[in-house]
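Report on the structure given below.
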Amino acid sequence: MTTTPKLELFRELPSVDEVMRKPALAALLEEHGAVVVTDAARTVLGRLRAEIASALLDSASLRLALDGMSRAIEEHLRLEVAYSLRPVINATGVILHTNLGRAPLAQSALRHAAEASGGYSNLEFQIAAGERGKRDIHVQRLLQKLLDESAKDREISTIVVNNNAAAVLLALNSLAEGAEVIVSRGELVEIGGSFRIPDVMAKSGALLREVGTTNRTRILDYENAINERTRLLLRVHRSNFEISGFTEQPSISELSDLARRRGLPLMEDLGSGALVNLENFGLRGEPNVLDSLRAGIDVVTYSGDKLLGGPQAGLISGRGDLVSRMRSNSLFRALRVDKLTYAALEATLLAYVKRDYDAIPVLGMMQRSAEEMGKRAQEITKQLILPKLKTEIVAGESVIGGGAAPSSVLPTRLLAVTCQDLSADELAARLRTSDPPVIARVEEGRVLLDLRTVFPEQDAMILRALRQIAV
Ligand SMILES: *Cc1c(COP(=O)(O)O)cnc(C)c1O
């Protein structure tokens with residue numbers, strides 16, 4: 001076999017200009033413009049040049065490669081212009097899945113974000129007066145309405161920052177910089193994503209004064225720790241862990257009485273701040289913002305994208321004078337949110353005001369019954385009669401997630417799938433390569449799909465993905 005000298009092979013390579021004139025590229029040029037197509041052509045040519053240089057191509061294989069050039073450019077371009085952030089199907093049954101973007105937004109929130117952001121808006125403008133306004137008034141009115149019944153004789157204000165971690169940072173810095181904050185040892189939690197109470201406290205410039213023990217803290221422990229440097233009592237929702245057995249923790253009203261007597265504010269980091277009583281949604285023991293304020297908390301911090309079901313945000317609601325100090329802190333400027341967030345949050349809050357809970361996806365998902373999940377799973381299995389696949393519907397639990405207690409689960413029915421030629425992990429991996437990717441749980445050698453977190457119109461996509469894998 002004679003080998004063609006490399007120099008001759010190089011000569012067979014077309015120029016970028018020649019490649020760009022190929023009729024097969026016309027449609028790509030039309031869709032994506034010359035810049036990225038030329039770039040892709042250069043990359044593909046460069047790859048061929050490198051392969052010739054390393055003697056990986058002979059004359060015949062080069063010809064083949066040149067014939068397939070347009071396809072190679074198209075393939076490269078497809079990867080190049082694809083979004084990195086893309087939709088997935090959450091079949092894990094974890095409603096507030098932090099890795100999968102937490103709360104999906106209400107349709108009204110999407111529409112309002114689009115209309116408020118595609119053009120100009122009155123983000124910081126008072127239309128009637130024609131003067132500069134404040135961005136935080138946009139959600140204040142609705143929150144006042146929602147939290148009013150908790151207010152008693154107090155004026156409740158709310159401000160919004162980037163997330164709950166930022167809310168805690170801003171609140172601590174505004175209320176206790178250079179002074180002491182008393183927290184129970186049993187509440188020094190770490191939340192997923194490296195939010196640790198002691199670390200945030202340190203960054204805020206406040207000094208952590210730990211009291212009690214991991215499992216038991218009494219009101220007297222707080223009382224004894226109060227001194228002239230104390231500025232704040234802090235209570236933290238344990239969120240993703242629980243302690244049981246020989247435990248003790250003062251109630252909010254005990255803490256509130258103590259705070260009142262000693263002239264100190266009482267703050268609660270609630271984390272997953274529900275705006276409704278979740279017992280109506282099948283969840284016991286999850287605290288909500290109203291109950292905390294009603295029980296005597298002065299300032300509560302909570303996330304917008306956990307049980308509230310809105311966009312990523314941190315909300316700080318509480319006594320007007322305390323919230324005002326946060327509003328005038330220069331940190332607030334650094335932590336403020338964009339019009340997209342205000343718009344999505346405003347629309348989500350409006351759904352609460354209208355009591356239109358079905359419109360908020362996370363609340364809607366909680367309301368689905370196990371039977372309904374079973375029926376949908378049954379529908380899929382009926383259409384999935386493939387020799388390689390074994391499907392079964394089994395009882396299981398959907399998880400709330402997002403800082404709700406680990407025991408906060410809802411009964412569900414799971415679609416359990418095994419595939420003859422694949423391990424459960426392999427099957428789950430293949431589901432992830434579907435378009436859109438399907439994310440599922442793997443347990444005891446089976447792939448488990450929980451349709452509670454799957455939007456009904458996505459059932460057909462799961463069916464298609466399983467069919468493609470098992471044909
Ligand atoms: C989730 C959570 C946080 C962090 O909230 P982000 O919105 O993720 O920043 C802080 N504190 C508690 C108690 C939480 O549950």
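Keep in mind it's a predicted model, so treat the numbers as computed, not measured. Counting convention: from 1, in listed order, for ligands and their atoms alike.
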[atom] [closest protein heavy-atom partner, distance rounded to 0.1 Å]:
{"atom": "atom 15 (O) of ligand 1", "answer": "Ser239 OG, 2.5 Å"}
{"atom": "atom 11 (N) of ligand 1", "answer": "Asp269 OD2, 2.6 Å"}
{"atom": "atom 5 (O) of ligand 1", "answer": "Asn164 CB, 3.0 Å"}

Looking at [X], which atoms of ligand 1 are within less than 4.0 Å of one of its heavy atoms?
{"X": "Ala165", "answer": "5 (O), 6 (P), 9 (O)"}
{"X": "His237", "answer": "13 (C)"}
{"X": "Arg102", "answer": "6 (P), 7 (O), 8 (O)"}
{"X": "Ser303", "answer": "5 (O), 6 (P), 7 (O)"}

Looking at Glu187, Arg218, Arg216, which hits side-chain hydrogen bond (donor to acceptor under 3.5 Å, both in side chains) with Gln249?
->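 Single pass found, and it is Glu187.
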Are there more than 12 heavy atoms of other residues, nucleotides or ligands under 6.0 Å from atom CD of Glu444?
->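 No, the 6.0 Å shell around CD holds no more than 12 heavy atoms from other groups.
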Take atom CZ of Arg196 as the centre, draw a 6.0 Å sphere, and report whether it contains more than 12 heavy atoms from other residues, nucleotides or ligands.
->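 Counting neighbours around CZ of Arg196, 12 or fewer heavy atoms of other residues, nucleotides or ligands fall under 6.0 Å, so no.
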Should the proximity of Ile191 to ligand 1, defined as any heavy atom under 4.0 Å, be assigned to the side chain, the backbone, both, or neither?
->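 The side chain, only.
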Glu268 near ligand 1, heavy-atom distance under 4.0 Å?
->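 The answer is no: ligand 1 sits nowhere under 4.0 Å from a heavy atom of Glu268.
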Residue-ligand contact Lys306/ligand 1, heavy atom below 4.0 Å |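 Yes.
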Picking from Val337, Leu308, Leu105, what satisfies side-chain contact (heavy atoms from CB on, under 4.5 Å) with Leu345?
->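 The option that passes is Leu308.
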Side-chain donor or acceptor of Arg238 paired with backbone N/O of Gly186 under 3.5 Å =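 Yes; judged by distance alone, with no hydrogens or angles, the pair exists.
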Short side-chain to backbone donor-acceptor contact, Arg235 and Ser184, under 3.5 Å =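 No, the answer is negative, given that no donor and acceptor are paired below the 3.5 Å cut-off.
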Any side-chain heavy atom of Arg141 within less than 4.5 Å of one from Lys145?
->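 Result no, sub-4.5 Å side-chain heavy-atom pair not found.
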